[in-house]
Structures are given as structure tokens and as C-alpha cells.
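Worksheet for the structure shown next.
All values below come from the heavy atoms of this structure, side chains included, with hydrogens, waters and symmetry mates left out. Reminder, nothing fancy here: chain letters follow the sequence lines and each chain counts from 1. Every value quoted in this text rests on a predicted model; they were computed, and no experiment measured them.
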Amino acid sequence: MLTLKYITENTDDVIARLGKKNFDGTEIINQVVELDRNRKITQTQLDNQSAEMNNLSKEIGLLFKQGKQTEAAEAKEKTTRLKDEIKLLDDRLSEIEQSLNLLLVQIPNLPHESVPPGKHAEDNLIERSGGVMPELPENAVPHWDLAKKYDLIDFELGVKISGAGFPVYKGKGARLQRALINFFLDNAREAGYLEIQPPYVVNAASGYGTGQLPDKEGQMYHCTIDDLYLIPTAEVPVTNIYRDVILDEKDLPVKNTAYSACFRREAGSYGKDVRGLNRLHQFDKVEIVQIQHPEKSYDTLNEMVSYVQTLVEKLELPWRILRLCGGDMSFTSALTFDFEVFSAAQQRWLEVSSVSNFESYQANRLKCRFKGSDKKTQLCHTLNGSAMALPRIVAALLENNQTPDGILIPKALIPYTGFEIID
RNA sequence: GGAGAGGUGCUCGAGUGGUUGAAGAGGUACGCCUGGAAAGCGUAUAUACGGUGUGGAAUCGUAUCGAGAGUUCGAAUCUCUUCCUCUCCGCCA
């Protein structure tokens, strides 16, 4: 969430910039400013009363020591009134802080100045693109047919065991998954990321830390008996490593990567758009996370985008990078680049990665700070990106590389799969 | 799952109702000392919010000793709830 300080000091600017996200913040921001004013007044009053109380208590202690019982008893009586007032003020302060917090989590992050205006995905800017569009054989088919033909992925079996959206990978299909995971992890490690293997379930505090809770609760699977949530992405456990942490400036940037299965309830629609691997309840993803000094976070964002680009290039997929418009960006992001690869048989661009700079929005909620040589603590900037999500990559690989003889594996991946063709 | 012990600052560790935000030690930083280093000596070393205030600073107040609630004039210290850790037993990959 945005910091109170920033909102109160830049009120008009905040409202204006929220407009780019198609968010009318006039009312809510003014409420916040008003509440904050109240908060300060109440806090000051409370502090003063508490100080008086503390002084009185000390006096009483002294009086008792000196054996002045009557004076002590008199002083005691004075505290009754103070006590009531303190209780009242304390309650009021908690109420104000609660309301404030409730409002703050409803305000999205401010978009970076380079974010293009727009409301929908069509308004996103194509930043750059690359790769070669494949020429498919006449009888080319979408990946769900290929998966069946070569017995790589069994969607019906998944339905039997779990439900729709939980595919079963088999044989070379399963090996391809494993190969891609290792390929992505190895690349990330070589790019300087520390590999992490996080828990797949998290507690509520972690859910709040990265903003899945309270508003997006329905998107996560919830184990109610133990009040734990299945992670929708490794971002959640990995980022929460740094919850309530004060880093040393010289430890920045922190670069972490993690593979995890990702679980999404995603009450989505059915049909062509979500067929096959396009949308799943469980899928595999390698995530990259960086925590960076505020002054360097946009350089880091570029670095991460370039890194992801090397992945799609090595996989020899036609790709393009979109700079998301204000309306298509996530709630928490300041600037987001989406990667899409072209899935030739479906004739569609599929989103395979999303790389974002959250600036201090997420860090503020996490209380992830750093301390520099000037001994001041300030909020870090956090960034993350998928590098990458497997299902759509697999869809594109299958579709684009189909030949009459079978499906060819890109060169960079062969050391990982141990086979060159699926036939 | 049963029985017991415990959770204090960056770390270890003292502290069982009254200037204790917290002794002591270690670590770290800076300074002195040294030709350089070690040792030694000195100083500093939590966070948040609020007040006054500044070029930067500074300074005062409040809260925080796992978390939450309570008793009390006063709680790290007493009570309750809850979370977590450790030991023993049981169960189990």
C-alpha cells in the first residue's frame, strides 16, 4: 500500500496519478487525509495523558517507599480519571488506525509516468518483439490434440483424480515439464539469482503481506482446518521471507528464484480461451524476485525484462513484450511488462510472463526496509517476474514445433529433456 | 496425539511488580593507540508513531521483552488465551 506520508504530502498528485489506472481516488484519498489528521491529534492527546500517568505512577512508587501512605492513596485517586481518558483515547486511536488501514488497502499503486493510458488489453503498447513465426504443416493441430496424440498430457484423467484444470503429465510430457523447470532454474542461477525452495502453503499473515488477502481470498485454495493457503505463486512465500526485515544496503539487490507448483481457484470461464493448457488450477512456474534500492529499481526492471527475453530466445519462440496500460496493470504494480509467445496452431498470443516493479507499494505492506550508511531506514523496492510459467510455454512449444515426424525440442532444452523429438 | 520446559535487543544472556528500552558479554562501526596489525582503551549500536524544530541536525514524549487480552497507581516480571521452539513418549514417510 501507499505510505500515509506520501498521500498526505502529495494529495493532489496522488489523485491525479490514480486516474491513469482508471481509479477515481478523490473521495477515498480525502477520507484518508482527514483520518490521518484525526490520528495525529488523538495520538498527541494520548501521549500526553500517558506521560502524566507515568509520572504519577513514579510518584506513587516513591511515596510508598517513603512510607507516606496517605499521600500515596490521594495520588492514586487522581489516576482513576486519567485511566478512563487513556482507555478512551486508546480505543479511538485503534479505531482510526483500523479505518485508515481499511482504506489504504483499497488504493492501488501509482502507475509510473511511462505507463501508457488505456483501459483494456488492446491499449497495451508493444515494446518490442522477436523470434521467427513458424510455418506449420497443413494438418497442424492445437496443443490439446497433440497432447492426446503423443500421450503427453491427460486432461480427463486429471478430472477423474482432482477436477478440471488439474492435468496429468505423462512420459515425455512429464519429462518436458521437469526439463523446463530445471532449464529455467539453471538460467536464473547463472544470472545471479539465489535458488529457494519455499513452502507451498502459507499462513494468513503471509497472504496479507503480499496482498492476496483480504481482497483476493477467493483466488486461493484454503485449508480451513489449519488456516493455511495454497500458494498461487512462489512470489508469496519468497517475498514473505523479507516481511518485517531490515536489510543492509550493501545486501541489495536481493535476487531470489524459486520453482513452485502454483494453485489458483480462478473461477474462470470455460471455452476456447481456457482450453488445454491455457488456464489451469495447478501449474508450474519459476519465479524471479528482486529487492532493490529505490534509485535503482527501474534499471533492475529492465535487467529482468532482458533476462526473460533471453529465455524465450533460447526456446526459439516468437515473442513480444507489452508495456501494460494503466487499465490492464495489476492493482499493486507501478510498471509492468508482459511477455507473450505466439502459439501458432491456436493463432494466439499467450501471456507467459509478467515482470513488474512494485516500487515501495508491496514493501510498505511487508515492512521490508533497508538501512544505508546514513543510518536511515527506508522502504525497499520490490520486483518480480515469472521466468517462466510452464503451461503456455509448453503449448507454444508443442504447436510451433510440430512436424510430420513429431515435435522437435529446441536445442537449448535437449540437454534437459534427454530427447530431441516427441514422436 | 500424551507429558514437561521455554520464548528478552544483531547474537548469547541477566532480570519474578517501581527511573529497566532493558545489567553483563560477544559481535559490528567509528575514534585513540601502532610503522602496520593484534591486543588494549573510549564511544556508539532497535523500531514505529507523535510534539518542538533544522540547511543537515537535534531534542522531547508515547508504545513495543513471541502475539493478544486482563489484574495493578505501576508489568519483561502476576493471570488468562493463542502462536512458536525444545526435551521425553507415541505414531509415521
Report the distance from atom [atom1] of [X] to atom [atom2] of [N], rounded to the nearest whole Å.
X: K367(A); N: rA46(B); atom1: NZ; atom2: P; result: 19 Å
X: D47(A); N: rU52(B); atom1: CG; atom2: P; result: 12 Å
X: E97(A); N: rG50(B); atom1: CD; atom2: P; result: 10 Å
X: K40(A); N: rG50(B); atom1: NZ; atom2: P; result: 5 Å
X: K58(A); N: rU20(B); atom1: NZ; atom2: C1'; result: 11 Å
X: R369(A); N: rA46(B); atom1: CZ; atom2: P; result: 14 Å
X: K76(A); N: rU72(B); atom1: NZ; atom2: C1'; result: 8 Å
X: I86(A); N: rA75(B); atom1: CD1; atom2: C1'; result: 15 Å

- Message: For a 4.5 angstrom cut-off between non-hydrogen side-chain atoms, does T79(A) reach I60(A)?
- Response: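 Yes, their side chains come closer than 4.5 Å.
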- Message: Are there over 12 heavy-atom neighbours, none belonging to E313(A), within less than 6.0 Å of that residue's CD?
- Response: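 Yes.
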Sticking with atom [atom1], work out how far [N] lies from [M], rounded to a whole angstrom.
N: rA76(B); M: rG21(B); atom1: P; value: 8 Å
N: rU79(B); M: rG90(B); atom1: P; value: 33 Å
N: rG55(B); M: rG42(B); atom1: P; value: 38 Å

- Inspect the contact between R92(A) and E95(A) and indicate whether a charged nitrogen and a carboxylate oxygen are less than 4.0 angstrom apart.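 No, this pair does not count.
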- Item | Residues R81(A) and D84(A) bridged, charged N to O under 4.0 Å |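 Judged by the 4.0 Å cut-off on N to carboxylate O distance, R81(A) and D84(A) do not form a salt bridge.
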Given [options], the nucleotide with the shortest approach to the side chain of [X]:
X: F64(A); options: rA57(B), rA46(B), rG18(B); result: rG18(B)
X: T377(A); options: rC49(B), rU47(B), rA63(B); result: rU47(B)
X: Q43(A); options: rA46(B), rC49(B), rG51(B); result: rC49(B)
X: N54(A); options: rA63(B), rC73(B), rG70(B); result: rA63(B)
X: S57(A); options: rC49(B), rG18(B), rA63(B); result: rG18(B)

- CG on L324(A) to OG on S356(A), rounded to 0.5 Å: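 Spacing of OG (S356(A)) from CG (L324(A)) equals 7.5 Å.
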- Message: Rounded to the nearest 0.5 Å, what separates atom CZ in F184(A) from atom OG in S386(A)?
- Response: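 Interatomic distance, F184(A) CZ to S386(A) OG, rounded to 0.5 Å: 10.0 Å.
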- Query: At under 4.0 Å between heavy atoms, what does A75(A) touch on the DNA or RNA strands: base, sugar-phosphate, or nothing?
  - Reply: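 Result for A75(A) = nothing.
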- Quick check, are the ring centers of H293(A) and F370(A) under 6.0 angstrom apart?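 Between H293(A) and F370(A), the centre distance is under 6.0 Å.
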- Message: With a 6.0 Å cut-off on the ring centroids, do H381(A) and Y361(A) count as close?
- Response: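 Not under 6.0 Å, so no.
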Can you tell me if the side-chain N/O atoms of [X] get under 4.0 Å from OP1 or OP2 in [N]?
X: K371(A); N: rU47(B); value: yes
X: R39(A); N: rG50(B); value: yes
X: K376(A); N: rA57(B); value: yes

- Task: Name every residue in residues 236-251 of chain A that has at least one heavy atom under 4.0 Å from any atom of RNA chain B, in order of residue number, or write none if there are no such residues.
- Result: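 I246(A), in order of number.
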- RNA chain B base-pair string [pairs: Watson-Crick or G-U under 3.5 Å; |: paired with another strand]: ((((((((.[[[..)..(.....]]]((((((.......))))))(((((((.....))))))).[[[[[..)....]]]]])))))))....
- Message: With a 3.5 Å distance limit and no angle check, can you tell me whether D328(A) reaches the backbone of H120(A) through a side-chain donor-acceptor pair?
- Response: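 Between the backbone of H120(A) and the side chain of D328(A) there is no qualifying donor-acceptor contact (under 3.5 Å).
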- Between the side chain of E340(A) and the main-chain N/O of L350(A), is any donor-acceptor distance below 3.5 Å?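 Here the side-chain-to-backbone pair does not exist.
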